[in-house]
Protein chains: 2
Amino acid sequence: MTNFQQSSKLKPNKKEIARLKNQALILKAAETIFANQGYEGASMNSIAVAAGVPKANVLYYFKSKDNLYETVLETILAEWNLGLTDISRDDDPAQALTSYIARKVRLACEQPMKSRLIANEMLRGAPFLSSHIREFTRPWFRGKVAVIEHWIESGKIQPINPEHLIFMIWASSQYYADYQTEILILQNKLEYEEQDIIEITQSLKQLVFAALGLSA
Amino acid sequence: MTNFQQSSKLKPNKKEIARLKNQALILKAAETIFANQGYEGASMNSIAVAAGVPKANVLYYFKSKDNLYETVLETILAEWNLGLTDISRDDDPAQALTSYIARKVRLACEQPMKSRLIANEMLRGAPFLSSHIREFTRPWFRGKVAVIEHWIESGKIQPINPEHLIFMIWASSQYYADYQTEILILQNKLEYEEQDIIEITQSLKQLVFAALGLSA
DNA sequence: ATAGCAATTGACCTATTGGTCAACTGCTAG
DNA sequence: CTAGCAGTTGACCAATAGGTCAATTGCTAT
């Protein structure tokens, strides 16, 4: 090949740089606005303004509102389980759960918009996400349930309903993102601090560990 | 007084009956649609159609979309803590918490739209609810935190962070309403059954009781 | 019976929505 | 240097939004 600039990865010229920068700018703005206003509440114009580009430019990169929304959702889902160390049957329950809970709580507190966007989608009946849940979340979920059942059978933890254990860990962590407004008012705070994240993690861990008969 | 039909309560004529019936019809339809579509997603027309009345009639009874939305929220809040037996420091922790958890879970599973409507409002930053939270929820919350602290000091339960304990009970129960779509897919079910409510209640109680050192 | 008012409703208003389009700009390849 | 195309953008469009209004209906008190 005489031309080594064919593929996009090998052609980082001004146009490509501008395109990637604009796409990222729009996606970031869209994530925030979709998370705070919901799908219907977010207007393409407000997203364009937040991104600092004309509305027509948003629709140039993303063919429709649906397309933009789906792209934002996919981006979030890709990061959603990133950094969540996977849990397998040979792991030590105390260690695995400690790590999982800590990361879940931190993710919810530090990047609440991701959880909120998914919450908005769920409240609408998950029109865009239900197929993803069926295809990816369900197998993952079944796997983790099996791991917990194995831990119970081998006497590593006390008997408990594995499905509801998982749901309650999800619930307790995501609540701090989705209901942040209420929690901050009740605690008379303006925002979460590092100490809050530590306390939330500790409290949730205490609940789970006590029920499973694990020691901290 | 010669006329005993002055007050509305003493004048149940056709007009009044029709008015109350229509208002109830509209409120019920609005609750469902606001809960499923959110404030922005719900249109006055769709609410009118769901209620079976012309749109202009909806705006005759409720002066604006804001007014209708606020009325729906107030109606829900009035029922929200109804049936939730209050908890005081002299109560037996095991009994009080058992009752509270059971009713919370049942409310979430049987009337998920109420929780979802509040969740939608929270995700938007609680523009209509924040004053209510400050005025009513916060004093209630402080009171319950004090009760739990008293239980801890008098040795009735093991030490725990009272605020996060309450949040996690709220989170775990409301999750079954707000994320119902996901849970049903993961469990391969069409709807919650009585047995599910029992199991959820039991699992949540198990978590809380273990942490507090209470026996079932 | 009838005056008067609550309630009903279709037509209509303006603002905003998601989306299109054609004219324009400027980078890049040859 | 320049042809051509990716990218940019203001103007525009039909559909729908929340809300108004005036004409009409029908119940009720006298």
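Chain letters run A, B, ... following the sequence lines, proteins first and then strands; every chain starts at 1. Not measured: the values here are computed from a predicted model.
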Does Lys65(B) count as lying over the ring of Tyr39(B), i.e. NZ or CZ under 6.0 Å from the six-ring centre, within 45 degrees of the axis?
->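 Flagged: Lys65(B) positioned over aromatic ring of Tyr39(B).
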cation_pi(Lys205(A), Phe209(A)) dist<6.0 Å, angle<=45 |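 Pair Lys205(A)/Phe209(A) counts as cation-pi.
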Report the distance from atom [atom1] of [X] to atom [atom2] of [N], rounded to the nearest whole Å.
X	N	atom1	atom2	result
Lys21(A)	dA6(D)	NZ	C1'	16 Å
Ile26(B)	dA7(C)	CD1	P	12 Å
Leu25(A)	dG7(D)	CG	P	15 Å

Partner residues of Thr201(B) under the side-chain hydrogen bond (donor to acceptor under 3.5 Å, both in side chains) criterion, sequence neighbours left out =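 Partners of Thr201(B) under the side-chain hydrogen bond (donor to acceptor under 3.5 Å, both in side chains) test: none.
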With Glu194(B) via side-chain hydrogen bond (donor to acceptor under 3.5 Å, both in side chains) - residues at least two apart = Arg106(B)
Summarise how protein sits on nucleotides 8-24 of chain C as a single string, 5' to 3': B when a protein heavy atom is under 4.0 Å from the base, S for sugar-phosphate-only contact, - for no contact.
-> BBB------SBBB----
Keeping the roles fixed (side chain from Lys104(A), backbone from Trp170(A)), state whether a donor-acceptor pair exists under 3.5 Å.
-> no
